[in-house]
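In this text the structure is predicted, and so the values were computed from the model without any measurement.
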Amino acid sequence: MAAEIPKIPSLVSEAKEAFKTAFGSEPDIAVSAPGRVNIIGEHTDYNDGFVFPMALPLVTVFVGKKTASGICRVLTLSKSADKPHQVEFSIPSPTTPLTPGKPDWANYVKGVVANFPGDISGFDAVVTTSVPLGGGLSSSASLEVATYTFLEAVTGNNAASLQAKALVCQKAEHDFANMPCGIMDQFISTMGKAGCALLIDCRSLESSLVPLDDPSVTFVITNSNVRHTLSGSEYPTRRRQCYEAAAALGKKSLRDATLEDLEKSRSSLSKEVYCRAKHVISEIQRTSEAVTLLKNADYATFGKLMTDSHNSLRDDYEVSCPELDQLVSSALEVPGVFGSRMTGGGFGGCTVTLVKQESVENLISHTLRNSQWKTNLLCVFTFKKDPTSACSVISATGDQMNQPMVAIYF
């Protein structure tokens, strides 16, 4: 069976106990922000294209309280995070700005603090998460959005809009994690709703919710347990190759290019740059088509586009790995599976598979039986209409926390 997903109250309780141990007092704020799975539309966001993610009940929880110390003290409970697990830094000022440093995980928190548009007097906090680190499910954006949401509660200074909030979190990742990511992860973590995926136009920043309300089909997310790291050279290299291709085609971005345009300019491009552009242009087209197919419940054609996406990411963008390829090919052997693909930036992480609900158990057992590597089935998501399920915004009562707390749950 799929692994049990920790519930938000249990994560809050764990973080609260750790806070009392670390800081000798009770926290008075608890917030959470979700990870995401991208259903289709990979490496298109920084090319002004379309992406189609959905928020998950895998979340980052941030508990803490305001202090007047001018110091931020943050403890992470994640066993996967690089050490040390507790950091301390001064709030930024014009004369002493915050800068990135070690440990790496703390840079996501520091980046949000440095870019937050409000005065911060200091805070103590504990962070824990059910989003696997390096799993391609956006643990970094989940941490950034949880941090921003915590700062909103601490300062009373709420973002002018969810879009503005997402953009600050994206800037934090650019500036402090040295990761030139697109806007998808921060957008879905702030704007995700239960029972829906979110189509995002990464040029206009417009988004629309697409209902997922057919209980006969399900998404299964499978973790390869190969941890990826995108802040090295591979991600920036591919981004640069895409910009090189767009310039050679005389386009503002690859969003404006067609495969016909690409073929006409093929002789002026290196093989690698041609292949990178081929993936992006075809993936933008696949994503646009896929949303219409999903709305019309054409799961067979939708699933084919998912699999085509994986093959393109493997062959043209070269961001897959043997473990992901094996998980996809194994899933496609199961009757009732419509399609499967790697999800996230690549080089490890997770796959996402669209399957008939009645075939889920067979898919899970087949995957575990045939996997050459240690594989962890993270979760199974049946389409839901319920607006109060895990990815919705709900209010937590003081009774749940055993004392009054502000709680913002996605």
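Closest approach of M191 to L209, counting heavy atoms only: O-CD2, 4.3 Å. Closest non-hydrogen pair, K110 versus G101, comes out as NZ-N, 4.0 Å. Of all heavy-atom pairs between A166 and F187, the closest is CB-CD1, 3.5 Å.
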Evaluate N47 against T44 for side-chain hydrogen bond (donor to acceptor under 3.5 Å, both in side chains), listing each step before the verdict. CA-CA 5 Å; N47 288 289; T44 55; over 6 Å; no
Applying side-chain hydrogen bond (donor to acceptor under 3.5 Å, both in side chains), run through D325 and S320 and close with a yes or a no. CA-CA 7 Å; D325 295 340; S320 188; 2.6 Å; yes
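Using a 4.0 Å cut-off between charged nitrogen and carboxylate oxygen, R286 and E289 do not count as a salt-bridge pair. With respect to the salt-bridge test (charged N to carboxylate O, under 4.0 angstrom), the residues R341 and E283 qualify. With respect to R240 and E244, no salt bridge is recorded, no charged nitrogen being found less than 4.0 Å from a carboxylate O. Between D201 and R255 there is a salt bridge, since at least one side-chain N of the basic residue sits less than 4.0 Å from a carboxylate O of the acidic one.
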Distance-only donor-acceptor pairs under 3.5 Å for side chains of residues 50-66, two or more places apart:
from, atom 1, to, atom 2, distance (Å)
T60, OG1, T129, OG1, 3.0
T60, OG1, S142, OG, 2.8
K65, NZ, E26, O, 3.3

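The number of heavy atoms from other shown groups lying within 6.0 Å of CG (N296) is above 12.
Residues meeting the salt bridge (Lys or Arg N to Asp or Glu O under 4.0 Å) test with E14, sequence neighbours left out: none.
Aromatic ring orientation, F150 versus F123: perpendicular (interplanar angle above 60°, classes split at 30° and 60°). Classification of the Y243-Y46 ring pair by plane angle, with boundaries at 30° and 60°, yields perpendicular.
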